[in-house]
Amino acid sequence: MKNFLLLLFFTFSNILLSQTEPKTFKDKYQEFDYYAKPSPNNTLSAYFKSQLDPSLFETFKYSDTASKKKRVFVHFELNNENKPIKIVITSPYIELNLRIKSILENYGFEKFNIPEKNPLNQYRLQILSFENDKTIINCSTNIVYDQFPVFEGCDSITSYSKMESCINNKLEEHIVKNLSPKAIEYAKILGKINLKPNFLITEKGTIEKIKCKTPSDSLTKELIRVISLFPVAKTPPLRNGKPTRLFFTGSVSLIIDTTNDTYVEDVIKSKDSTLNPNGELALHFKNFITEEQISKFPFLKFPDKIRISFSISKKGKLNNLKASSRSEILNKKLIEIFNKFPFEKLNIKSTNILESYSYTIFTVEYNNKIVIQCNDKPNVFLTPCYDKYCEKSDSPEELKKCFNESISSYIVKNINREIINDTKIVGDIITYCAFSVAADGKIKVLKVQAPNPIIANELEEILKKHPKIYKPAYYNGVAIGFAYRIPVVLQSNSYIPTDSSKSTINTYGRSN
């Protein structure tokens with residue numbers, strides 16, 4: 001009988017222990033689904049199906065490749081009166097986002113029965129997800145709410161956003177206090193550096209899986225060592241009141257200071273070996289202006305590099321000279337001095353009216369120290385040339401304009417007008433196309449921003465089918481890839497070109 005009772009006691013104890021063990025998840029998406037219980041058949045999904053036009057999401061293109069990540073969420077916080085604030089919808093489409101927000105406001109946030117109303121929480125709802133090769137309305141049944149971990153010194157924080165800032169500040173203080181001066185010296189760093197460390201905060205409040213890029217491998221290793229010593233959180237990150245894992249990305253700015261003049265000189269010399277403080281152009285500038293005089297001009301801050309750029313006219317004259325400082329007076333002075341330097345000493349081997357030339361004149365180093373140092377040969381840039389017609393341009397500026405207008409014209413000519421006319425947007429539809437032209441002239445689409453996925457997908461497909469560009473960009477005689485982001489303005493119902501776009505359609509982008 002005693003043995004039976006003992007066995008029963010152990011069995012009962014094991015049952016109790018298994019009930020109190022924390023639930024584990026393979027990733028954050030499985031954890032979200034566990035709490036949110038999204039369903040295409042719940043009350044919220046039914047309401048969205050009656051209000052949201054399927055054309056706004058059926059052709060949604062996701063940046064993530066994994067199906068579980070193809071979702072659209074709504075994030076928000078609560079103020080002290082329990083009203084939703086900082087509402088964010090995670091789709092890239094303005095028209096879709098505005099419609100989702102409007103539907104939620106009409107539905108009423110009070111219907112969500114939020115179990116814990118706390119300004120320290122961020123609340124999350126799923127609206128759309130990618131299921132069986134298509135995007136569907138698949139709303140959360142329950143609200144999911146997240147809370148940042150609480151580290152020493154952040155106990156009195158009263159909102160979700162401020163808690164994130166507090167963690168970041170404590171991380172920055174910890175790094176400044178513990179970073180090895182020898183590691184900094186070995187990396188040859190001065191002035192301000194901005195870092196974005198990323199790491200996992202576990203259910204126990206400890207730090208794992210630290211990643212960070214710095215100017216040198218040695219400094220990266222040192223930074224990872226320091227962050228690994230960050231104190232354990234007093235309260236771990238929470239999801240729906242239960243300990244969870246959280247990936248945190250910090251934003252840390254470090255100011256590296258020194259009184260060692262030799263170290264400062266070593267750092268300056270290590271930055272750019274092509275700059276020469278004793279070359280003919282540098283000495284020419286030193287004859288007319290001193291580094292001390294330059295330092296008195298405003299807006300000069302480490303690590304600026306002030307350049308003069310220009311093109312060359314058909315008559316072989318310097319054209320469109322520009323200096324890159326933010327002081328008009330200083331720019332005028334620099335151009336005036338540059339114009340006194342003999343053209344034949346500029347080491348320009350061949351001239352092309354479509355090329356842009358540039359020289360560094362001085363750099364702003366640590367402690368805003370001015371160093372007059374110039375490259376002995378110009379850096380030469382040639383923007384991509386769209387076609388043979390654009391090649392007849394008279395200047396780099398005209399060549400660039402011809403390229404941009406030719407791309408816009410190509411899109412306008414090839415777009416499906418029914419897609420534009422079917423949109424509910426009235427008037428101008430402003431879109432942005434980001435793409436690169438590779439060294440072989442091929443176009444690669446990087447990102448298209450448009451009010452809805454239908455228009456975005458249409459523009460993307462048009463750019464993908466674009467033939468090779470006539471000539472790619474060149475830098476110092478070598479073909480290079482070059483990225484663009486240009487606006488393309490469409491007009492719904494009836495597209496009426498402006499005067500400038502009329503001339504574009506009639507000239508640029510035509511076949512040769």
TODO: Please state whether the rings of Y475 and F381 are parallel, tilted or perpendicular, taking 30° and 60° as the class boundaries.
DONE: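 Because their plane-to-plane angle lies in the 30° to 60° range, the rings of Y475 and F381 count as tilted.
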Looking at [Y], is its backbone amide N or carbonyl O close enough to the side chain of [X] to form a donor-acceptor pair, meaning the two atoms are under 3.5 Å apart?
X: T206; Y: T202; answer: no
X: S409; Y: E405; answer: no
X: N476; Y: V380; answer: yes
X: T90; Y: F73; answer: yes
X: N97; Y: S91; answer: yes
X: S327; Y: P298; answer: no
X: Q293; Y: T290; answer: yes
X: D428; Y: Q491; answer: no
X: S180; Y: K182; answer: yes

- [ ] Given side-chain contact (heavy atoms from CB on, under 4.5 Å), test T214 with L195 step by step and report yes or no.
- [x] CA-CA 7 Å; T214 74; L195 305 171; 3.9 Å; yes
Open item on the list: Taking side-chain hydrogen bond (donor to acceptor under 3.5 Å, both in side chains) as the definition, give me every residue that meets it alongside S295, ordered by chain and number, with sequence neighbours left out.
Closed with: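 Checked S295 against side-chain hydrogen bond (donor to acceptor under 3.5 Å, both in side chains); zero matches.
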Locate the shortest heavy-atom distance separating [X] from [Y]; write the atom from each residue and the value.
X: S161; Y: E77; result: OG-OE2, 2.9 Å
X: F482; Y: P384; result: CD2-CD, 4.2 Å
X: P487; Y: S408; result: O-OG, 3.9 Å
X: S325; Y: N331; result: OG-OD1, 2.6 Å
X: P197; Y: I227; result: CB-CD1, 3.5 Å
X: L463; Y: C433; result: CD1-CB, 3.9 Å

Open item on the list: Ignoring hydrogens and geometry beyond distance, is a side-chain donor-acceptor pair present between K213 and T220 at under 3.5 Å?
Closed with: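 On atom types as modelled, these side chains do not qualify, holding no pair under 3.5 Å.
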Task: Flag for N198-T249: side-chain donor and acceptor within less than 3.5 Å - done: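 Side-chain D/A pair, T249 to N198: present.
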Task: Flag if over 12 foreign heavy atoms under 6.0 Å of NZ, K28 - done: yes
TODO: Verify the neighbour count for atom NZ of K314: are there more than 12 heavy atoms of other residues, nucleotides or ligands below 6.0 Å?
DONE: no
Interatomic distance, [X] atom [atom1] to [Y] atom [atom2] [nearest 0.5 angstrom]:
X: L399; Y: S311; atom1: CG; atom2: OG; result: 11.5 Å
X: I289; Y: L330; atom1: CD1; atom2: CG; result: 6.0 Å
X: I312; Y: N319; atom1: CD1; atom2: CG; result: 9.5 Å

Quick one, [X] and [Y] - any side-chain contact, counting heavy atoms below 4.5 Å?
X: I294; Y: F362; answer: yes
X: I89; Y: K101; answer: yes
X: S395; Y: I353; answer: no
X: N178; Y: L229; answer: no
X: P396; Y: E355; answer: no
X: F199; Y: K211; answer: no
X: S324; Y: R307; answer: yes
X: E391; Y: K471; answer: yes

TODO: Any ring pair (Phe, Tyr, Trp, His ring centres under 6.0 Å) involving residues 157-182? Give me the pairs, sequence neighbours left out, ordered by first then second residue.
DONE: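 For residues 157-182, and leaving out neighbouring residues, the ring pair (Phe, Tyr, Trp, His ring centres under 6.0 Å) pairs sorted by first residue read F148-Y160, H174-F230.
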Open item on the list: Run the salt bridge (charged side-chain N to carboxylate O under 4.0 Å, His left out) test against K400 and tell me which residues pass, sequence neighbours left out.
Closed with: none
Task: salt bridge (charged side-chain N to carboxylate O under 4.0 Å, His left out) partners for R99, two or more places apart - done: none
Open item on the list: Restricting to side chain to side chain contact (heavy atoms under 4.5 Å, CB included), what partner residues turn up for N375, sequence neighbours left out?
Closed with: L275, Y359, T360, N379
Open item on the list: Before you tell me yes or no, could you show the steps for V226 and S228 under side-chain contact (heavy atoms from CB on, under 4.5 Å), namely the whole-Å CA-CA distance, both residues' side-chain angles and the distance that decides it to 0.1 Å?
Closed with: CA-CA 5 Å; V226 171; S228 68; over 6 Å; no
- [ ] Decide yes or no on side-chain contact (heavy atoms from CB on, under 4.5 Å) for V72 and F60, but give the supporting numbers first.
- [x] CA-CA 10 Å; V72 173; F60 196 118; 3.6 Å; yes
May I have the list of side-chain donor-acceptor pairs in residues 278-285 shorter than 3.5 Å, sequence neighbours left out?
residue: E280; atom: OE2; partner: K345; partner atom: NZ; Å: 3.4
residue: H284; atom: NE2; partner: I337; partner atom: O; Å: 2.8

Open item on the list: Between Y410 and Y386, is the ring centroid distance below 6.0 Å?
Closed with: no
Task: Test ring-ring contact (aromatic ring centres under 6.0 Å, His included) applied to Y474 - qualifying residues, sequence neighbours left out - done: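 In terms of ring-ring contact (aromatic ring centres under 6.0 Å, His included), with neighbours along the sequence ignored, Y474 is linked to no residue.
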TODO: Please list, chain by chain and in numerical order, all residues satisfying ring-ring contact (aromatic ring centres under 6.0 Å, His included) with H75, sequence neighbours excluded.
DONE: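 Here no residue qualifies.
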Open item on the list: Taking salt bridge (Lys or Arg N to Asp or Glu O under 4.0 Å) as the cut-off, I'd like each qualifying pair that reaches into residues 450-460, sequence neighbours left out, listed once.
Closed with: K61-E460, E460-K464
Open item on the list: By the salt bridge (Lys or Arg N to Asp or Glu O under 4.0 Å) test, which pairs, at least two apart or in different chains, include something from residues 324-339?
Closed with: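 Sorted pair list: D304-R326.
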TODO: Take N320 and F310 through the test side-chain contact (heavy atoms from CB on, under 4.5 Å) and record every step on the way to the result.
DONE: CA-CA 5 Å; N320 198 24; F310 57 92; over 6 Å; no
Open item on the list: Set out, in order, the CA-CA distance, both residues' side-chain angles and the distance that settles side-chain hydrogen bond (donor to acceptor under 3.5 Å, both in side chains) for Y484 and T383, then state yes or no.
Closed with: CA-CA 11 Å; Y484 280 90; T383 197; 3.0 Å; yes
- [ ] Assess the cysteine pair C385 / C390: is their SG-SG separation shorter than 2.5 Å?
- [x]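 The sulfur gammas are not closer than 2.5 Å, so no.
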- [ ] Sort and list the pairs that fulfil side chain to side chain donor-acceptor pair (under 3.5 Å) and have at least one residue in residues 436-456, not counting sequence neighbours.
- [x] E95-N452, Q449-R485
Open item on the list: Could you check whether E173 pairs with K170 (Lys NZ or Arg NE/NH1/NH2 to Asp/Glu carboxylate O, under 4.0 Å)?
Closed with: yes
Task: Stepwise side-chain hydrogen bond (donor to acceptor under 3.5 Å, both in side chains) test for S253 and N194 - done: CA-CA 5 Å; S253 295; N194 297 312; 2.8 Å; yes
Open item on the list: Among residues at least two apart in sequence or on other chains, which ones pass disulfide (SG to SG under 2.5 Å) with C166?
Closed with: C154
Open item on the list: One pair to check against side-chain hydrogen bond (donor to acceptor under 3.5 Å, both in side chains): D146 and Q122. What are the steps and the verdict?
Closed with: CA-CA 5 Å; D146 295 320; Q122 184 190 67; over 6 Å; no
